[in-house]
Amino acid sequence: MFRLDHRICVVTGVGNPTGIGFGCAKQLGLAGGALIVTATTARIFDRVKELKALGIEKVEGYVINLCDREAVKGMVSEVKDRYGKIDVLINNAGNASLADRAKGDTHANLAEMDYKTWDAIIERNLTLTYNVTSEVLKVMREKQYGRIVFISSVTGPLVTHMGVSAYGAAKAGITALSKSIVYEEGKNNIISNCILPGWIATGVLTPDRLAAGSKNPLGRPGNPEEVGNLALYLASEENSYVAGQDIVIDGGNWIQEMK
């Protein structure tokens with residue numbers, strides 16, 4: 001069940017060893033998918049080694065800035081030339097870069113946010129996702145098959161907190177993008193869905209946010225492999241009728257009236 005043998009799977013944003021992208025890549029690879037994984041730095045090659053150590057033989061890494069449209073076109077063209085198709089796309093890349101995080105908090109309320117900050121956040125979340133998806137869609141159309149999974153967030157589509165107006169707007173935009181793809185490409189057997197994670201223990205959460213992740217009915221934050229399991233189902237052939245959905249994975253956190 002939920003096998004991806006003979007499927008070519010592109011997973012973006014896989015550089016963090018405890019991140020959602022790596023969790024998704026791991027579960028898809030263990031299910032037999034051939035992996036093309038990306039990150040902005042050479043640490044992607046460490047992730048490739050770790051995936052291979054798990055017995056996932058078909059995996060290769062790309063160092064790429066997905067905000068660079070020409071670079072994205074080149075990568076997608078290279079994958080198509082090598083494998084003849086792309087069956088699965090997991091759009092995980094986004095949020096702040098390593099360099100941005102090193103500078104400190106990237107949050108800002110809308111009234112205090114300058115144009116440069118707004119543009120950067122929208123570009124590295126929503127526009128970046130468009131760059132990859134638009135190119136991969138062209139390849140999927142040729143084979144009349146595709147499964148696209150967007151990693152969005154509960155922040156934006158459902159909830160918010162201080163300082164995340166641009167991030168939330170980008171993540172809500174991703175959910176709208178996913179629905180449009182289903183409407184436009186469903187006739188081509190291309191199915192798109194969004195995963196909306198809550199607090200997931202990815203290694204970049206601050207201690208207070210990890211603590212917030214324990215205030216749900218299950219009493220703990222999620223882990224990347226749990227998100228990966230959901231992504232695996234949505235990316236599989238068994239998923240033939242779940243389309244255009246926003247699926248929350250947050251341990252029941254969002255259903256609470258008071259916390």
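Along the sequence shown, residues are numbered consecutively beginning with 1.
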**Q** What distance do Trp199 atom CH2 and Asn216 atom CG have between them, rounded to the nearest 0.5 Å?
**A** 11.5 Å
**Q** What closest approach, in Å, do Pro197 and Ile20 show between heavy atoms, and which atom pair accounts for it?
**A** CG-CD1, 4.0 Å
**Q** Can you check whether Lys215's main-chain N or O pairs, donor with acceptor, with Gln256's side chain at less than 3.5 Å?
**A** yes
**Q** Is the shortest distance from a Lys or Arg side-chain nitrogen in Arg3 or Asp5 to a carboxylate oxygen in the other one below 4.0 Å?
**A** yes
**Q** Hey, does the side chain of Ser152 reach the backbone of Lys171 with a donor-acceptor pair shorter than 3.5 angstrom?
**A** yes
**Q** So does Gly163 get a backbone contact from the side chain of Asn109, meaning a donor-acceptor N/O pair under 3.5 Å?
**A** yes
**Q** So, for Val72 and Glu135, which heavy atoms are closest and what is the spacing to 0.1 Å?
**A** CG1-CG, 4.1 Å
**Q** Does atom NZ of Lys116 have more than 12 heavy-atom neighbours from other groups under 6.0 Å away?
**A** no
**Q** Can Lys85 and Lys80 be said to form a side chain to side chain contact (heavy atoms under 4.5 Å, CB included), step by step?
**A** CA-CA 5 Å; Lys85 62 176 183 173; Lys80 179 189 173 185; over 6 Å; no
**Q** Is His161 atom NE2 crowded by more than 12 heavy atoms from other residues, nucleotides or ligands, each under 6.0 Å away?
**A** yes
**Q** Can you check side chain to side chain contact (heavy atoms under 4.5 Å, CB included) on Leu196 and Ile247, steps first, answer last?
**A** CA-CA 6 Å; Leu196 278 56; Ile247 303 173; over 6 Å; no
**Q** Does atom NZ of Lys49 have more than 12 heavy-atom neighbours from other groups under 6.0 Å away?
**A** no
**Q** Under 3.5 Å, is there a donor on one side chain and an acceptor on the other for Asp114 and Thr117?
**A** yes
**Q** My understanding is that only residues two or more places apart in sequence, or in another chain, count here; which of them pass side-chain hydrogen bond (donor to acceptor under 3.5 Å, both in side chains) with Glu60?
**A** Arg82, Tyr83
**Q** Taking Val76 as the starting point, is it possible to reach Val37 by hopping between hydrophobic residues whose side chains are less than 4.5 Å apart?
**A** no
**Q** Begin from the C-alpha positions of Gln144 and Asn189 and carry the test side chain to side chain donor-acceptor pair (under 3.5 Å) through to its verdict.
**A** CA-CA 6 Å; Gln144 295 284 287; Asn189 195 24; over 6 Å; no
**Q** Given the rule that I, L, V, M, F, W and Y join up when any side-chain heavy atoms are under 4.5 Å apart, are Ile44 and Val79 in one cluster?
**A** no
**Q** Please indicate whether Lys179 has more than 12 foreign heavy atoms, meaning atoms of other residues, nucleotides or ligands, lying under 6.0 Å from its NZ.
**A** yes
**Q** Crowded around Tyr145 OH? As in, over 12 foreign heavy atoms under 6.0 Å?
**A** yes
**Q** Main chain of Ile121, side chain of Glu123: is a donor-acceptor contact present, judged purely on distance under 3.5 Å?
**A** no
**Q** Do Lys52 and Glu57 sit within salt-bridge range, that is, some charged N less than 4.0 Å from a carboxylate O?
**A** no
**Q** Could you tell me whether the side chain of Ser77 and the main chain of Lys73 form a donor-acceptor pair under 3.5 Å?
**A** no
**Q** Give a yes or no answer on whether the side chain of Thr12 reaches the backbone of Ala93 with a donor-acceptor pair at less than 3.5 Å.
**A** yes
**Q** Locate the shortest heavy-atom distance separating Pro157 from Thr175; write the atom from each residue and the value.
**A** CG-CG2, 3.7 Å
**Q** For Arg7, is there an ion pair with Glu237 - N to carboxylate O distance below 4.0 angstrom?
**A** yes
**Q** Please lay out, stage by stage, how Leu126 and Ile174 fare under the test side chain to side chain contact (heavy atoms under 4.5 Å, CB included).
**A** CA-CA 6 Å; Leu126 182 57; Ile174 288 171; 3.9 Å; yes
**Q** Quick one, Glu226 with Lys26, criterion salt bridge (Lys or Arg N to Asp or Glu O under 4.0 Å). Give me CA distance, side-chain angles, the key distance, then yes/no.
**A** CA-CA 11 Å; Glu226 289 173 315; Lys26 185 189 302 183; over 6 Å; no
